[in-house]
Amino acid sequence: MFALVDCNNFYVSCERLFRPDLKGKPVVVLSNNDGCAVARSQEVKQLGVPMGIPWFQMQALAQRHHIVAFSSNYALYADISGRVMRVLRDMVPHSEVYSIDESFIDLSGIEDRQELGYQIRQRIGQWVGIPVCVGIGSTKTRAKLANHIAKKHTEFEGVFDLEAQTSTQQSDWLKRLDASDVWGIGRQLKQQLETFNIHTAYDLQHADVSWIKKRFSIHLARTIEELRGHACLKLQAMVTARQQIMVSRSLGVYVTQEEELRQSVISHAARASEKLRKDGSVTHAVMVFIQTNPYRQQDDQYTASQWVPLVTPSQDSRCIIAAAIRGLQTIYRPGYRYKKTGVMLSDLSPADVQQGDLFDPGADDRRQRLMLTLDTLNHKLGRDTLFFAGQGVRQRWHMRRDLKSPAYTTDFNDLPRVSG
DNA sequence: TCTGGGGTCCTAGGACCC
DNA sequence: TCTGGGGTCCTAGGACCC
């Protein structure tokens with residue numbers, strides 16, 4: 001038996017923590033570069049604003065309804081997420097952090113599941129200040145679905161146990177839910193399923209599994225089994241190491257010069273290297289990509305990527321930056337207005353099982369000490385206190401975040417003040 | 001004018017080998 | 001004119017998630 005604990009409108013709830021005046025008011029949080037609305041308060045959802053709509057397209061609506069917008073403040077959300085997960089971890093023996101705002105819980109052996117659900121909701125609400133909903137089901141997929149119901153139907157006060165329903169009631173719920181409400185059914189699958197007359201979660205649950213496996217995929221077949229209550233997915237209590245690291249950003253302005261493109265690529269490579277060392281991994285290959293704005297069809301389009309293998313796997317920023325620059329040189333073409341660049345590290349392995357440099361045995365040690373110093377200083381004194389000259393100083397291309405809230409919980413200078 | 005970022009997993013197809 | 005079969009490995013791309 002599983003429960004899924006999911007924070008309501010998480011980013012918006014985080015912003016409201018420090019702006020209680022915004023409770024009950026329409027609020028959105030925007031993606032990087034103030035591009036799209038990626039989190040919407042209940043009031044905004046009720047206005048019919050879809051997830052991921054470009055901010056500039058909802059300007060008129062925003063003005064009419066006095067919608068308050070924030071640039072995303074990931075430092076804040078990550079910190080609040082950590083607090084939510086800590087409270088949860090103290091309440092149950094086995095949990096799996098699934099995303100920044102959701103956690104699965106193993107409920108085996110728990111007698112009063114709903115009671116525990118209410119306790120979780122109450123405690124996170126009181127101790128952290130974030131509203132959550134709890135969905136309970138015999139499989140992860142059913143727990144997800146139950147959570148969906150808990151969110152939509154306020155009469156359950158945030159906790160819904162699908163398995164506490166009679167089987168007729170369960171079927172009724174599944175008939176009322178769209179197939180695309182099921183975890184793992186996205187836009188494409190929804191469309192294809194519809195051509196076979198599969199519209200609701202109930203239809204999907206009763207589809208022929210072996211036919212689905214042949215016509216679609218093993219993945220969808222598993223989803224159906226999960227819907228039927230046969231658990232295919234286990235709780236992943238251990239955090240497994242990442243297999244790739246990606247850093248990419250849209251550019252704040254269009255860039256045509258190679259020098260500016262290089263600055264952004266170097267910055268991404270430096271950031272990716274930092275993540276790599278934090279994970280305790282080394283990379284065997286570096287990929288760099290650049291692209292123009294695909295939405296501007298009147299412009300000449302160009303996207304390109306290049307893999308650069310490393311002779312010896314590394315976690316040294318200088319090495320990774322050098323590889324990224326080499327990659328960029330092979331794909332850069334003048335005459336285009338570039339809008340996005342990125343760096344990807346893949347083929348990662350743990351740093352502690354690496355071979356040393358045969359010809360300069362001391363090199364690794366010196367390298368490690370230098371990188372450690374770099375990371376320690378930047379962690380202590382703020383990101384980019386020490387940075388590579390190639391990242392540039394002016395950074396005209398840097399993304400826009402005009403509407404960002406202060407780092408209330410992670411920067412002393414931004415601590416909220418209480419007066420009066 | 002303005003359209004996110006970072007992941008995972010699966011599959012199809014090509015290259016290569018015997 | 002007719003041109004095998006089966007296996008592995010790798011990569012690119014697509015679909016999904018939040």
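Values reported hereafter were calculated over all heavy atoms of this structure, with side chains retained and with hydrogens, waters and symmetry mates removed. A note on names: the letters A, B, ... follow the listed sequences, proteins ahead of strands, and every chain is numbered from 1.
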Taking side-chain hydrogen bond (donor to acceptor under 3.5 Å, both in side chains) as the cut-off, I'd like each qualifying pair that reaches into residues 21-39 of chain A, sequence neighbours left out, listed once.
A:Arg19-A:Asp21, A:Asp34-A:Ser71
Contacts of type side-chain hydrogen bond (donor to acceptor under 3.5 Å, both in side chains), residue A:Thr141, not counting sequence neighbours:
A:Glu226
Specify the residues of residues 96-107 of chain A, ordered by number, for which at least one heavy atom lies under 4.0 angstrom from an atom of DNA chain C.
A:Tyr98, A:Ser99, A:Asp101, A:Glu102
For DNA chain B, which ranges pair as stems of 3 or more consecutive Watson-Crick or G-U pairs, with both donor-acceptor distances under 3.5 Å?
B:5-18 with C:5-18
Please give me every residue in residues 68-83 of chain A whose heavy atoms get under 4.0 Å of an atom in DNA chain B, ordered by residue number.
none
Pairs in or reaching into residues 70-97 of chain A: which pass ring pair (Phe, Tyr, Trp, His ring centres under 6.0 Å), with residues at least two apart or in two chains?
A:Tyr11-A:Tyr77
Can you tell whether the side chains of A:Lys278 and A:Glu274 come within less than 4.0 Å, N to carboxylate O?
no
With the threshold set at 4.0 Å, does a side-chain nitrogen-carboxylate oxygen contact exist between A:Arg121 and A:Glu157?
no
What residues, two or more places apart in sequence or in another chain, satisfy salt bridge (charged side-chain N to carboxylate O under 4.0 Å, His left out) together with A:Arg249?
none
Hey, can you tell me if A:Phe18 and A:Tyr408 have their rings parallel, tilted or perpendicular (30° and 60° cut-offs)?
parallel
Give me the ring orientation class for A:Tyr302 and A:Tyr336: parallel if the planes are under 30° apart, tilted from 30 to 60°, perpendicular past 60°.
parallel
All pairs passing salt bridge (charged side-chain N to carboxylate O under 4.0 Å, His left out) where residues 297-316 of chain A contributes a residue, at least two apart
A:Arg296-A:Asp299, A:Asp299-A:Arg337, A:Asp316-A:Arg318, A:Asp316-A:Arg367
For A:Arg242, which residues count as a side-chain hydrogen bond (donor to acceptor under 3.5 Å, both in side chains) partner, sequence neighbours excluded?
A:Asp279
Positions of residues 217-248 of chain A (non-hydrogen atom under 4.0 Å from DNA chain B), listed by number:
A:Ile218, A:Arg222, A:Arg242, A:Gln243, A:Gln244, A:Ile245, A:Met246, A:Val247, A:Ser248
Basic-acidic side-chain contact under 4.0 Å: A:Arg16, A:Glu43
yes
For A:Tyr254, which contact category applies under a 4.0 Å heavy-atom criterion: base, sugar-phosphate, or nothing?
sugar-phosphate
Would you mind classifying the nucleic acid contact of A:Asn33 as base, sugar-phosphate or nothing, using non-hydrogen atoms under 4.0 angstrom?
nothing
First and last nucleotide of DNA chain C in contact with chain A, 5' to 3', at under 4.0 Å to a heavy atom: what are they?
C:dA15 to C:dC18
Kindly state which residues belonging to residues 178-210 of chain A come within less than 4.0 angstrom of DNA chain B, counting heavy atoms of the residue only, listed by number.
none
